[in-house]
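When reading the values below, keep in mind they use all heavy atoms of this one structure, side chains included, and skip hydrogens, waters and symmetry mates. Protein chains get the first letters and strands the later ones, always in sequence-line order, with residue 1 at the start of each.
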Protein chains: 4
Amino acid sequence: MLRIGVVGVGYWGPNLIRNFVANAQTEMKMCCDLRRERLDYIQSLYPTIKVTENCQEIVQSTEVDLVAICTPVFTHYEIAKKALEAGKHVLIEKPMTSTSAEGEELLNIATQKGLHVFVDHTFIFTGAVGKIKDLVTSGELGDLYYFDSTRVNLGLFQHDVNVLWDLAPHDISIMHYVLNEDPEAVVATGADHLGSGIENVAYLTVYFPNNLLAHINTNWLSPVKIRQTLIAGSKKMVVWDDNQPSEKVRVYDKGIEVIKSADEVYNMLIQYRTGDMFCPKIDSKEALGAEVNHIVKCISNGHTSVISGEAGLMVVKILEAAQESIKSRGKEIKI
Amino acid sequence: MLRIGVVGVGYWGPNLIRNFVANAQTEMKMCCDLRRERLDYIQSLYPTIKVTENCQEIVQSTEVDLVAICTPVFTHYEIAKKALEAGKHVLIEKPMTSTSAEGEELLNIATQKGLHVFVDHTFIFTGAVGKIKDLVTSGELGDLYYFDSTRVNLGLFQHDVNVLWDLAPHDISIMHYVLNEDPEAVVATGADHLGSGIENVAYLTVYFPNNLLAHINTNWLSPVKIRQTLIAGSKKMVVWDDNQPSEKVRVYDKGIEVIKSADEVYNMLIQYRTGDMFCPKIDSKEALGAEVNHIVKCISNGHTSVISGEAGLMVVKILEAAQESIKSRGKEIKI
Amino acid sequence: MLRIGVVGVGYWGPNLIRNFVANAQTEMKMCCDLRRERLDYIQSLYPTIKVTENCQEIVQSTEVDLVAICTPVFTHYEIAKKALEAGKHVLIEKPMTSTSAEGEELLNIATQKGLHVFVDHTFIFTGAVGKIKDLVTSGELGDLYYFDSTRVNLGLFQHDVNVLWDLAPHDISIMHYVLNEDPEAVVATGADHLGSGIENVAYLTVYFPNNLLAHINTNWLSPVKIRQTLIAGSKKMVVWDDNQPSEKVRVYDKGIEVIKSADEVYNMLIQYRTGDMFCPKIDSKEALGAEVNHIVKCISNGHTSVISGEAGLMVVKILEAAQESIKSRGKEIKI
Amino acid sequence: MLRIGVVGVGYWGPNLIRNFVANAQTEMKMCCDLRRERLDYIQSLYPTIKVTENCQEIVQSTEVDLVAICTPVFTHYEIAKKALEAGKHVLIEKPMTSTSAEGEELLNIATQKGLHVFVDHTFIFTGAVGKIKDLVTSGELGDLYYFDSTRVNLGLFQHDVNVLWDLAPHDISIMHYVLNEDPEAVVATGADHLGSGIENVAYLTVYFPNNLLAHINTNWLSPVKIRQTLIAGSKKMVVWDDNQPSEKVRVYDKGIEVIKSADEVYNMLIQYRTGDMFCPKIDSKEALGAEVNHIVKCISNGHTSVISGEAGLMVVKILEAAQESIKSRGKEIKI
């Protein structure tokens, strides 16, 4: 039985708690928050969970094996560090930390202590991403060409991080998981329309080896909500529209073939191929439940996780580089 | 009566001819093409139009007032130059020229000779763009924040220009017309997946004064066709989906308001506003017909055109800068 | 304070309970169900609510003012009768009863006792239906022509009632509320593909005075879920697509005008009018909460409800007539 | 070489002419129309086609083998009769005739003379209908349950026929071709909102053997254009949305299975099955071109056509019965 303490029960924490309560192999022990009314709320739902306003009680508790951290980004490092030093595994809300240096330090401590760091990239456990990963891994898409994601909507503005740190962790973690490649460099652009120093529109290009290119379009000021990802390979192409109530993932038997002739480029022959489209049935069970199962299994088997601290750190590195690139108007930043 | 000669009757030329024939103030006189079968085709449709394989005959003809040039991009400069030197107005297919230097030279000649250079940015004359221009000009959108356009589909690959030179002229010319601002700089990224040296995916960011940002996503390898533009201002926001058979332009009464308090950023209060959406009725007459009317009027009145050579040159400058930026992985290039 | 007892806590009952708990003017006192595990579930969520397996305890309780009945249709009459006879107001799940005779008897008892009968036509309280009602009442649509609704999906098959009794109460109650007219007659057709004697596809036409026509398409065997209603008047037309996450109600400034000339029908001149479309902002608060408020207000003021037993009875009469019409292949049945 | 005369060159006639001209095995000889300007228009496009205002010239011409009749419905019978009596094959615009008696007479003459009667149900030759026919014929859908079609839009009002005679021939001919069954009876309802005696909204139910049911929803007063057909069988289900620019036909691996237990209906167990969806690639060549090929082949081989006069007559019989049913408010009319 894995015993859980949750730090921060604002918007996301209660979802974690619900899944830890529902899982037969985890036991929700304690949670904390600075806001008394949030603790009262949790208590009313789960009278047996211990609540406290003092985070230290969880971090130091002998009754907790894993600390889940659902607080604002800038507090992740400090809480996670204390938890790791006290010998707890940690599950950190995304993005993992505010800087890659902080992330690396956490990983070092975890390695020394033989502990797990998980980062809550929940999307990895959705049926849609699982299906796309399968399509890539099985070679059905062929050689990968690009990953192009759009995640825009109206609000919610964050006060401490820009739109890229807020929305792109989803796309970056999915991209990294699906493409299974480490990026070479990023170029990013963006703008702050409210004079707050925090970009509300941002565009991120990520360069991978072999001409594989990723692009992520994030926007807090879009009148419509778009959640769309295009992934193309040499054999097939995928469109994932997460707004659709069903048929979220469409696989297109489309592509091009180049027939190079002996003479110059003008004679390069390009042939288009368009065949059937199909929408595979997607598992619709809650991703967070699958994530909790995965965490339990990783800890008990000692396996490396698909939402490991290393994966979380890569997301932070890309965000950090993107931030630097935005500030210098598109300067290429190596990862 | 404006007498017209058309150079190049491949895909687009016949559309121009049809509109010149239909217009009561223009007279289709001659056309030329290197391919005999294209000339035969035109002749079968319009027996009274003179056809020739020799472009010089049109350029030098005393029966022609305006030469329309619908040939591959790399030939625009030479043909247009000869036509202008022979005292003809010109209408050049987009993009205007392969380089901004060529474009500038054409403008110089035109100025000296008192001739018009038009560039065939047909979209400017669509009902949708006209309506959007009205919304911006009337101040209904408020201060402009961004222009975000996606123009992707499967093919058609061009042999001599990359996807940006092929698809983005539409978006750049619309952007320039609607925003009515000259850009400061561009950042672009892209990739070539066929090893031809020609990018088939490209992302372009354009910086304007006052934090106004534009972004254009172009792709020849998309399994789905997307033609979508988002334009947001401080008061309202527009989504233009040109794939829709009707209701192409949607105007959202949505926005945010920032209430700045005396203390630090954490207390910045952001309020969302969401009201009605409306789809204005859009004029659906053919854009090319309106363009021909406009050309006739500009020549007879001596007015400056909204598709002037200067506008066409700006598009080329942005493309040129974007190309340079792509090759250096996102380096900012000033316009 | 209105004290509530809920009979039946299967799928819908808990939603009612949640809203009765949340409302400051109602007090959730008791609930019953034949299944012990459902009662345990309610108890775990709301420890202060009394639970019982004996429906009589609620019906007879001196602590209950209104009995909400969320049991299978065939039990509604008996439970409601007992509750009314015991001096309780009742809120009955739709459809109100299995026969109009039963419904009429309930109304008689209620009238004698001075009690309220409400039927849970929740859709009446949605923002979308409220907005459509406003458009009709204000005359913005002009004279009404038709109401055409499609409500199809895969499952859930009911064992005791056909697809019309299962799905059409929504559309019929909305139709009756919005059109504010009593129907003259119905014609219905349908088929049973499983040999169970219960139609899984059914089409219902409802005739109203003045050529106003309604049609409802219901289907349990549709591969896609459709929730679409078209309402046209002489001035404007409405499309309500309840599947849309936003922009559910679209109002079209479209119509036709007939200019009758002196001579025969061949010279009848019809002019089309197409103008803007707009999507009014729709209130998105939970309909059931508004319904509870409405019930409280009706009871305290003695006002007639928009979800009165009379309204519920009309739905049953139409269903009953439709059933008869289906069995005789479209015979017109007067209401 | 099949020599063609076309009677009526209004809206549809020119499309036929274009395809007869393009086909290597047909020769467009003559056309007629009462309106001189229509003849001039045809002459300007095809100078070699003989034109006349006198229909008799075509019907009697020794240069014509097949007469295509694209005139208003009420004239079909008379023109076709003359053409058949003069020994010509005929291709009649849909619907074939105004009454089934007229249609039967035409078929009798054709049989006596050994001539072909074709009815221009063009949709039969679209890639979408062809694909759906294949799915049904191959048994991939299983036993057929229903065919549910919606064909609504704003206008165009016809003066001589109601909305059912105008729009439903498409759906009825497709239904008859795809289901490959003769109907037993129809029930129809409708309304006339303009006081012209001509219904502008109509709903048609068609009963087939074995509980197979068809329903067609037609409307000239819809603010939106809908072209959607659902076809369900025991194994798979099809949604055909003809408004979609691509992916018109979607095949759903969805269905239900009934497991009947020994005891009563309450224990009937229904299991839902939902699997992948796929969109087969659809042939996008022009249907009318395929129709002309088909006609040539039928005449040269003496084969029975899928758009035979018998098929056209069945459409008229259904329309005739539907008309009678509408006038008597849903009375079942046997076919």
Quiz item: Is atom CG of D/Asp134 surrounded by more than 12 heavy atoms (other residues, nucleotides or ligands) closer than 6.0 Å?
Solution: yes
Quiz prompt | Inter-chain contacts: residues 135-152 of chain D against chain A, heavy atoms under 4.5 Å | solution = none
Quiz prompt | chain A neighbours within residues 273-296 of chain D, where any heavy atom lies under 4.5 Å away | solution =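 Residues D/Thr274, D/Gly275, D/Asp276, D/Met277, D/Phe278, D/Cys279, D/Pro280, D/Lys281 are the ones that qualify, each having a heavy atom under 4.5 Å from chain A.
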Practice problem: Scan residues 242-251 of chain D for pairs that pass salt bridge (charged side-chain N to carboxylate O under 4.0 Å, His left out), counting only residues two or more places apart or in two chains. | Solution: A/Glu247-D/Arg250, A/Arg250-D/Glu247, D/Asp242-D/Lys248
Quiz item: Do any of residues 222-241 of chain A have a heavy atom less than 4.5 Å from a heavy atom of chain D, and if so, which, in residue order?
Solution: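 Hits under 4.5 Å: none found.
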